[in-house]
Amino acid sequence: MARKAKRFYTVWKGWTPGVFDSWTACEASIHGYPGAIYKAFPSRAAAEAAYQADPGDYIRTSETSSRRPASLPPPQETSRPIVNSLCVDAACDMTARIMEYRGVWHHSGETAFAKGPFPGATNNLGEFLAIVHGLAMLADLGLDWPIYSDSTTAIGWVEGGKANSAAIKNGQTNERIKNLVARAEKWLATHEYFNPILKWETKLWGENPADFGRK
RNA sequence: ACAU
DNA sequence: CCATGT
Ligand SMILES: [Mn+2]
Ligand SMILES: [Mn+2]
């Protein structure tokens, strides 16, 4: 059998646009990016030439395929999680308001960090602190790997640089938690990061490796 | 409704 | 069933 031909990948729109020499590298560049535009080519030269040109010259259009309204994002490639990633999760007993959080390396299953228990917190504050802790750890290690969280709330808070917690507004927390959240927000305000923050697709993949298994 |  | 959030 002829070995599978090597292909090169042009990413016009993604986390890190450019030409990649493997599907693994291409996937890391576009996985989870809304509206990513990319295509495979049989040679590096063809891929480089395409990168300099208009993706519209290469991507299928209504002439060759059915047309989806441009207002709708295309379906995301979420068939499986990226292996080189850091998964984070939090657990919170919302009757006692005791929270903890941790990070687990998806490639090895090893614990990257584990913090808590912290009284006076919420699930969402834990999910938020977990992501920011993970970003800081990846920055420290010089890794641009993606972070997975199952919390759309916390992902939104991190992307906005602020934990919009009702519990904090209503004074249902304590100084330690407020300090941790303030420190996390300050880290976000003072650091640039390139790690994609991706949704762990629990419905498709099962529980996040960092999950506490208490539900 | 969706995600925890 | 309870709670945290968009
Ligand atoms: Mn979670
Ligand atoms: Mn969990």
Side-chain angles (χ1 to χ4, degrees), chain A residues 15 30-36 68-69 71-82 85-106 109 111-138 145-189 193 195-215:
Chain A
W15 301 113
I30 56 89
H31 189 107
Y33 189 98
R68 174 192 308 276
S71 57
L72 301 180
Q76 296 303 290
E77 174 48 283
T78 51
S79 55
R80 55 193 162 81
I82 293 170
S85 60
L86 177 61
C87 299
V88 300
D89 197 25
C92 188
D93 177 344
M94 285 306 298
T95 61
R97 286 186 176 277
I98 294 171
M99 174 277 285
E100 62 193 302
Y101 65 85
R102 69 183 175 191
V104 171
W105 299 110
H106 187 43
T111 299
F113 58 86
K115 299 293 176 185
F118 301 103
T122 67
N123 59 334
N124 292 324
L125 287 169
E127 302 272 16
F128 172 77
L129 292 172
I131 296 173
V132 180
H133 195 95
L135 285 173
M137 169 168 284
L138 289 166
W145 291 9
I147 288 198
Y148 279 111
S149 167
D150 60 27
S151 171
T152 55
T153 295
I155 291 171
W157 287 359
V158 171
E159 288 172 348
K162 172 143 178 51
N164 188 24
S165 168
I168 289 181
K169 289 183 172 74
N170 303 345
Q172 295 165 1
T173 183
N174 56 47
E175 285 307 310
R176 178 146 81 133
I177 295 300
K178 282 191 278 191
N179 284 339
L180 288 169
V181 170
R183 178 176 312 182
E185 289 171 340
K186 182 172 183 177
W187 191 94
L188 292 172
Y193 58 86
N195 311 80
I197 300 172
L198 305 180
K199 175 68 173 72
W200 179 269
E201 299 288 350
T202 305
K203 196 168 299 184
L204 298 177
W205 307 335
E207 280 292 353
N208 181 324
D211 178 54
F212 289 80
R214 295 176 186 164
K215 299 184 307 302

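By convention in this document, chain letters (A, B, ...) are assigned in the order of the sequence lines, proteins followed by strands, and residues within each chain are numbered from 1. These figures come from a predicted structure and were not determined experimentally.
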Please report, rounded to the nearest Å, how far the [atom2] atom of [N] is from the [atom1] atom of [X].
X: A:Ile168; N: C:dA3; atom1: CD1; atom2: P; result: 19 Å
X: A:Leu198; N: B:U4; atom1: CG; atom2: P; result: 14 Å
X: A:Gln172; N: C:dG5; atom1: CD; atom2: C1'; result: 13 Å
X: A:Asn170; N: C:dA3; atom1: CG; atom2: C1'; result: 13 Å
X: A:Ile155; N: C:dT4; atom1: CD1; atom2: P; result: 21 Å
X: A:Asp150; N: C:dG5; atom1: CG; atom2: P; result: 15 Å
X: A:Glu159; N: C:dT6; atom1: CD; atom2: P; result: 13 Å
X: A:Glu207; N: B:A3; atom1: CD; atom2: P; result: 12 Å

Name the closest nucleotide to the [X] side chain, picking from [options].
X: A:Ser165; options: B:C2, C:dA3, C:dG5; answer: C:dG5
X: A:Ser151; options: B:A3, C:dT6, B:U4; answer: B:U4
X: A:Asn164; options: C:dT6, C:dA3, C:dG5; answer: C:dT6
X: A:Leu125; options: C:dG5, B:A3, B:U4; answer: C:dG5
X: A:Thr153; options: C:dG5, C:dA3, B:U4; answer: C:dG5

What is the distance from atom OG of A:Ser165 to atom NZ of A:Lys178, rounded to the nearest 0.5 Å?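 The OG atom of A:Ser165 sits 11.0 Å away from the NZ atom of A:Lys178.
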Categorize [X] for me: base, sugar-phosphate, or nothing, with a 4.0 angstrom heavy-atom threshold over every strand shown.
X: A:Ala154; result: nothing
X: A:Asn124; result: base
X: A:Lys199; result: sugar-phosphate
X: A:Lys169; result: nothing
X: A:Ala90; result: nothing

Look at the side chain of A:Glu100 and the backbone N and O of A:Ala114, then say whether any donor-acceptor pair between them is shorter than 3.5 Å. no
Please check if the side chain of A:Arg102 supplies one atom and the backbone of A:Asp211 the other of a donor-acceptor pair under 3.5 Å. yes
Which label fits A:Phe113 and A:His133: parallel for a plane angle under 30°, tilted from 30 to 60°, or perpendicular past 60°?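 The arrangement is tilted - the two ring planes meet at 30° to 60°.
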Any side-chain N or O of [X] below 4.0 angstrom from OP1/OP2 of [N]?
X: A:Thr152; N: B:U4; answer: no
X: A:Trp200; N: B:U4; answer: no
X: A:Lys203; N: B:C2; answer: no

A:Lys199, NZ atom: more than 12 neighbouring heavy atoms under 6.0 Å: yes
Decide yes or no on ring pair (Phe, Tyr, Trp, His ring centres under 6.0 Å) for A:Trp200 and A:His106, but give the supporting numbers first. CA-CA 11 Å; A:Trp200 179 269; A:His106 187 43; 5.6 Å; yes
